Amino acid sequence: MRRIWAVSTNTIRQALRMKVAAIFIVLLLVLLPVMGLSATGDGTLKGRLQTFVSYGLSLTSLLLSLLTIIASIHAITSDIEQRQIYTVVTKPIRRYQIILGKALGVIVLDIALLVLFGGIVYGVTSLMPRFLNASDEEVQAARNEFYTARASLVPPVLDVQKEVDELYARLVKNDQVDVIYPNMTREEVLKQLTNRKRLEKRAAAVGQTLVWEFRNVKPRDPNQSLFVRFKYDVSVTPPDEQVYGAWQVGDVRQLQPGAQQMQTPILPVTRKDTVRKFWELEAPASVVAKDGFLAVAFFNPPLNETTVLFPLEDGLEVLYKADTFTGNFVRGVLLILCRLVFLACLGAMAASFLSFPVAILFCLVIFVTGTTSGFILDSFGYMSENVSLVYTYTIQGIIQLLPRLDQYNPTTFLVPARLMTWGFLGQVVLVLVLLKTTLLLALALLIFSFRELAKVVV
Amino acid sequence: MIMDYAIETIGLTKIFSDWWGRAKVYAVDDLNLQIRSNEVFGLLGPNGSGKTTTIKMLLGLLHPTKGHALVLGGDATHPKISARVGFLPEESYLYRFLNARETLDFYGRLFGLDAKTREMRIEALLEMVGLKAVASRPIGTYSKGMARRIGLAQALINDPDLLILDEPTTGLDPIGTRQIKDLILKLSERGKTVLLCSHLLGDVEDVCHRIAILYGGKVQAQGQVKELLQQTNKRQIITDAVSDSTVHRIRQILSDAQAECEVTAPMEKLETFFIRTVVEAQQQAKPTSGAVSTTQIGDFLTVGSGRENILDKLVAPSVSDKTPAEPVRTETVQPRETVIPEANKDLLRKLTETSGSPRTERVSSPEGAAAQPVETTVEARQQEVKKRLLDQLTKDDTAKPPAQDGDSGHA
Ligand SMILES: Nc1ncnc2c1ncn2[C@@H]1O[C@H](COP(=O)(O)OP(=O)(O)OP(=O)(O)O)[C@@H](O)[C@H]1O
Ligand SMILES: [Mg+2]
């Protein structure tokens, strides 16, 4: 361990000597505060904060990612090219210890830089309200919708298998399948039917009520608010594009016959909102029952002349404050660290058998495909029909091995102030760090251990 | 018996092939070397004869195409073995951004040495290679010979049992060269093994017990230096500057014995002259931004006892008993040592004498040692040694003598 650490400290010095490192660090030190001043967003305090956090963290993450790739590759290839490795491997140190030391050095440097830049971003976000002399109203809005970490509850996906099967059987019996769904395979028809059935469960005809029940709702503080975030869709768009909704939020079990007297309040709200847009309905967190039960009921009043439905993906969710902004921010920074650890080991792996420029190219390709892997998976998905077998076993396999860096992005949590749970972070650590990184590292150690270090390739 | 040899190669072959896998260069071809423990072995050969390639294979930097190599009875890449090996590559491949002290510290840490040992050895080695005054400059700014010196120091930090030197004297000034030769002899006296690669024949001749001459990756000649070079049909007589008539009489005697003879006034060797000039300059304390030449050798290398040399103690006696190679030093080298200027010679003796006292005393006050310019007079030096001994007796190990801060020699 002492020897690994000796290599690590040397690697840190080596990395800091690199001009790229110096440039990136200076760039971040200058850009972050400037961004803090110039970020405007939609003009509100919340908008500014969101823009700054989003750009600030993205920039930090991007530059540190590039720095990590370059530093970890440089640490190994420069030793081989400039032959310092001759004097190092002939000392009583195992080759795997050298690679571990190099990777560890880069990671330690990353941690230090993340603490520094994360600290700057955090500092600017917390000082921004005072700096901008924001009005109380704006501060309050920011406090509710930015300086917080809100857990999101979505209604469970309903199991409609049985109904779909029945419906399909009926269609087959009546020979209607090809009439209604021409040129479709059985799977595609079933999929359509499933969606239809599910949507039916989230539609309220005039005079009907929909009830969603949530369990395990744990607001941090009962004096805070919780938010029902919803989006209407309609079968017939009203002339003013607005519909009425009569909502009840609370423990509706208390309304059932035979229940005791009311323990928690039930909030009734009636409002009129534009369709196909997100709205948030604020309720005190005290409406949640002691056992964490919460129901949201929507009544489609006769004032409307259309069926109202809530789209499947994002039609309705309940947001409540579950943690502080600070906690969420720390997890966000740790998420970036996971990515950097992965990249450091990726760099070490590439450098264990490639020369500097080639290794850089290799890592950049992986980094870019990793950050856009969702897009790539989708585009492959479209062309998959013809090549499906080949595709499933090769390309998809490879893409599965890629890091899904696009999903591990802290701004998707911090900008809408959504709670990033420790569970999610743990999962990333498990998959990205423990599994993929260990795989890469093992590969690097193996290749490096058998490599002929003094071989000159011209 | 494997353990009898410090280095043994069996049919060692290295063929460099090109990108297509076609054999191109037979860099080393079926090499069988046996280097005994406590031997100074010279590997000679013209450029491109495969010396460096051989060393790289010994140390696991290259994989042999055929055959294998044993170093200290095992595989040199094993930490247990490499902990006992010191290696100076062809060029000093070091981290340019580290300074001399940091470099040595880094390599010391790779050996797993604890902080106290490291500090002690670093000071001793810096003193020895004469880089103390420039120890805080990054190595990238060093001249070639200065880099070479720090490379040598790096190879010695673990007090190795086997020292592998690839052309150690290239780029070194004559004093440095002289010093390396002295060092090799000292190490050999202590039971260490040295493998020396060079094409500077003079250097090899001075220190090596046995040599092998490589050509085209094959051994062309091998044997003891004494035997290979002795001219059995000639004798040499060196006298004082006697008068012409005496010379005439000698000629007479020799011609009676049917022998020819040649009489000349011997020239001083350029090496001697150079060393004297530089030492004089140093005594006048002329400023230099380069290495300071000393003939000192790191204490921990020359002192055979001490707590960290247990391994040494265990190995040394048995090895020297077995060693068949009688040091040739007494015949070939001793006469040359007379060329060392008087002051320096005394100094060397002084050093070896003081080293009789427990080593920890001398080196545990590195600041004190550091402050000592080499070219102080013998009397001053003796005073100094006495003073330091007194200091040692009265003070804590680590306390540095404050009085000596002021008179640091080269500043
Ligand atoms: N990596 C390599 N690829 C191809 N050929 C090589 C390689 N390294 C060495 N050689 C060749 O092997 C031969 C031996 O080289 P080596 O470096 O061992 O010579 P050397 O005896 O150390 O020479 P010098 O005295 O110049 O240092 C040379 O012909 C050289 O060109
Ligand atoms: Mg060579």
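Chain letters run A, B, ... following the sequence lines, proteins first, then strands; residues in each count from 1. Given the structure is predicted, the values throughout are model-derived calculations rather than measurements.
- With chain B as the partner, the residue from A:Ile93, A:Val7, A:Thr90 showing the most heavy-atom pairs under 4.5 Å is A:Thr90.
- One finds no salt bridge joining A:Glu452 and B:Lys56 here, because no Lys/Arg side-chain nitrogen approaches an Asp/Glu carboxylate oxygen to under 4.0 Å.
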Derivation of the side-chain contact (heavy atoms from CB on, under 4.5 Å) call for A:Arg2 and B:Asp114: CA-CA 10 Å; A:Arg2 235 199 293 173; B:Asp114 59 78; 4.3 Å; yes
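- A:Arg94 places a side-chain heavy atom less than 4.5 Å from the side chain of B:Pro79.
- Proximity to chain A involves both the backbone and the side chain of B:Ala83, based on heavy atoms less than 4.5 angstrom apart.
- Atom-to-atom distance recorded for B:Leu62:CG and A:Lys455:NZ is 8.0 Å, nearest 0.5 angstrom.
- For A:Thr9, the part lying near chain B is the side chain, with the backbone staying farther off; criterion is any non-hydrogen pair under 4.5 Å.
- Nearest heavy-atom pair across B:Ser82 and A:Pro92 is OG-CA, 3.2 Å.
- Taking CG of B:Leu59 as the start and OG1 of A:Thr87 as the end, the distance is 11.5 Å to the nearest 0.5 Å.
- Residue-environment remark: CZ (A:Phe448) exceeds the threshold of 12 foreign heavy atoms within 6.0 Å.
- A distance of 13.5 Å separates OH of A:Tyr86 from CG of B:Leu88, quoted to the nearest 0.5 Å.
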A:Trp5 and B:Arg109: CA distance, side-chain angles, deciding distance, side-chain contact (heavy atoms from CB on, under 4.5 Å) verdict: CA-CA 9 Å; A:Trp5 186 241; B:Arg109 283 162 68 191; 3.8 Å; yes
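- Between the side chain of A:Arg95 and the backbone N or O of B:Thr77, no donor-acceptor pair lies under 3.5 Å.
- Proximity to chain B involves both the backbone and the side chain of A:Arg13, based on heavy atoms less than 4.5 angstrom apart.
- Considering only heavy atoms from C-beta on, B:Tyr93 stays 4.5 Å or farther from A:Gln82 through its side chain.
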Stepwise side-chain contact (heavy atoms from CB on, under 4.5 Å) check, A:Lys91 with B:Gln154: CA-CA 11 Å; A:Lys91 303 287 179 271; B:Gln154 163 273 132; 2.6 Å; yes
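- Of the two parts of A:Gln14, the backbone and the side chain both hold a non-hydrogen atom closer than 4.5 Å to a non-hydrogen atom of chain B.
- Using a 4.5 Å heavy-atom threshold, the side chains of B:Tyr107 and A:Val88 count as touching.
- In terms of heavy-atom pairs under 4.5 Å with chain A, the best-connected choice from B:Leu110, B:Asp105, B:Thr53, B:Ile164 is B:Leu110.
- Heavy atoms of B:Leu58 lying under 4.5 Å from chain A are absent altogether.
- Contact between A:Ala6 and B:Phe106 at its shortest, heavy atoms only, is O-CE1, 3.5 Å.
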